[in-house]
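Everything below concerns the one structure shown next.
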Amino acid sequence: MPSSEPAAPGALPPRLGREFFDRPAAEVAPDLVGCILLHEGVGGRIVEVERYEQGDAASHSFRGPTPRAAVMFGPPGHAYVYRSYGMHWCMNVVCDGEGTGSAVLVRALEPLYGLERMRARRGGVPNRELCAGPGRLTQALAIDDTLNGAPLLAGPLAVHARPVPVELVSGPRVGISREVERPWRFGLAGSPFVSRPFPGDRTGSRRPSAARARGR
DNA sequence: CAGTGGATGCTCT
DNA sequence: GAGCATCCACTGT
């Protein structure tokens, strides 16, 4: 099962360039699953993302380039970082052509690089929960508003190509109240590191209780 | 394991 | 002033 094999640390594929991000969110979002996100060498494999764009009432770019959403209308290949619920940071990858207001929210990683630093920042939670959520992964990678607008093409933030092929699943986005039916959340099939299971992904993050009771 | 509620501050109406 | 692209602790099965 290729999608369940972890990315091999040490054999890091090339960093992605502008041409990867300069495409519609509909393409970039699923293509980001399986790629490696790093901040100062700490991070892991992207296992869950969501797509947002200007014509989408759930998107911060829906009302145009407001001060908060300005970065979403900037050049692709940059980070859009915003504060969520007054206490968390969430990171997006700006994509598509400049001015389109398209971005992909990174929602969960499979932790692979800098595990000790992540654990220290996250207060010793289980590995599975280190980066299982948009607020959790920014905490683990020390991503905050000082990186809003920062490039991914050079500098401390980087996205690297998929080390191994992946199998995708999709479903409705999480935590929104508008456009709730759009299946714009994408994940790595069978990954235990997603923020919550994908409906219909039988190999998803929660092991069947019968198997769990048997001790595996 | 499901459901609930509190924390906390910014953005936009 | 309302509403969050969330997380955690705590409740009760």
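All chains are named by letter (A, B, ...) in the order of the sequence lines, taking the proteins before the strands, and each is independently numbered beginning at 1. Just so we're clear, the structure is a prediction, and the values are computed from it rather than from any experiment.
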Worksheet item: Going 5' to 3' along nucleotides 8-13 of chain C, which nucleotides have protein heavy atoms under 4.0 Å from the base (write B), which only from the sugar-phosphate (write S), and which from neither (write -)?
Response: S-----

Worksheet item: Do the side chains of F21(A) and V104(A) get nearer than 4.5 Å, heavy atoms only?
Response: no

Item to complete: Round to the nearest Å and state the distance from E48(A) atom CD to dT6(C) atom P.
Response: 10 Å

Worksheet entry | side-chain hydrogen bond (donor to acceptor under 3.5 Å, both in side chains) contacts in which one or both residues fall within residues 26-36 of chain A, not counting sequence neighbours | R23(A)-E27(A), R23(A)-D31(A)

Practice prompt. Please determine, by modelled atom types, if Q139(A) and R121(A) share a side-chain donor-acceptor pair under 3.5 angstrom.
Written response: no

Practice prompt. Could you tell me the separation between the CH2 atom of W89(A) and the C1' atom of dC10(B), rounded to a whole number of Å?
Written response: 9 Å

Item to complete: Look at R107(A) and dT6(C) and indicate whether a side-chain polar atom (N or O) is within less than 4.0 Å of OP1 or OP2.
Response: yes

Practice prompt. Among residues two or more places apart or on two chains, list those pairs meeting salt bridge (Lys or Arg N to Asp or Glu O under 4.0 Å) that have a residue in residues 132-160 of chain A.
Written response: none

Worksheet, complete the sentence: Sequence neighbours excluded, the answer for side-chain hydrogen bond (donor to acceptor under 3.5 Å, both in side chains) partners of E129(A) is none

Practice prompt. Name the nucleic acid region contacted by I176(A), choosing base, sugar-phosphate or nothing; use a 4.0 angstrom heavy-atom cut-off, strictly under.
Written response: sugar-phosphate

Item to complete: Give the rounded distance in Å between these two atoms: CG of N148(A) and C1' of dC10(B).
Response: 13 Å

Worksheet item: What pairs with R119(A) under salt bridge (charged side-chain N to carboxylate O under 4.0 Å, His left out), at least two apart in sequence or on another chain?
Response: E116(A)

Item to complete: Just jot down the side chain to side chain contact (heavy atoms under 4.5 Å, CB included) partners of A161(A), sequence neighbours excluded, or say none.
Response: P13(A), L16(A)

Worksheet entry | side chain to side chain contact (heavy atoms under 4.5 Å, CB included) partners of E179(A), counting only residues at least two apart | D56(A), A57(A), A58(A), R173(A), E181(A), R182(A)

Discussion item. Using OP1 and OP2 only, check whether a side-chain N or O of H60(A) sits under 4.0 Å from dT11(B).
Written reply: no

Worksheet item: So which of residues 64-87 of chain A are in contact with DNA chain C, with a heavy-atom cut-off of under 4.0 Å?
Response: M72(A), Y82(A), S84(A), Y85(A)

Practice prompt. List for me each residue that meets side-chain hydrogen bond (donor to acceptor under 3.5 Å, both in side chains) alongside R63(A), sequence neighbours excluded, and say none if there are none.
Written response: none

Discussion item. List the residues meeting side chain to side chain contact (heavy atoms under 4.5 Å, CB included) with P183(A), not counting sequence neighbours, and say none if there are none.
Written reply: none

Item to complete: Return the 5'-most residue of the pair L137(A), S177(A) with respect to DNA chain C, ranking by each residue's nearest nucleotide.
Response: S177(A)

Side chains of residues 80-92 of chain A: which donor-acceptor partners sit under 3.5 Å, not counting sequence neighbours?
from, atom 1, to, atom 2, distance (Å)
Y80(A), OH, H60(A), ND1, 2.7
N92(A), OD1, L105(A), N, 3.4

Discussion item. Between P on dC4(C) and CG on D56(A), what's the gap in Å once rounded to a whole number?
Written reply: 14 Å

Discussion item. Just the rounded figure in Å: distance from P of dA2(C) to CZ of R178(A).
Written reply: 17 Å

Worksheet item: Given the rule that a pair is Watson-Crick or G-U wobble with both distances under 3.5 Å, how would you write DNA chain B in dot-bracket, using | for pairs to a different strand?
Response: |||||||.||||.

Item to complete: Could you check how far CG of D144(A) sits from P of dG9(B), rounded to whole Å?
Response: 15 Å

Worksheet item: Can you check the R63(A) CZ to dA5(C) P distance for me, whole Å?
Response: 11 Å

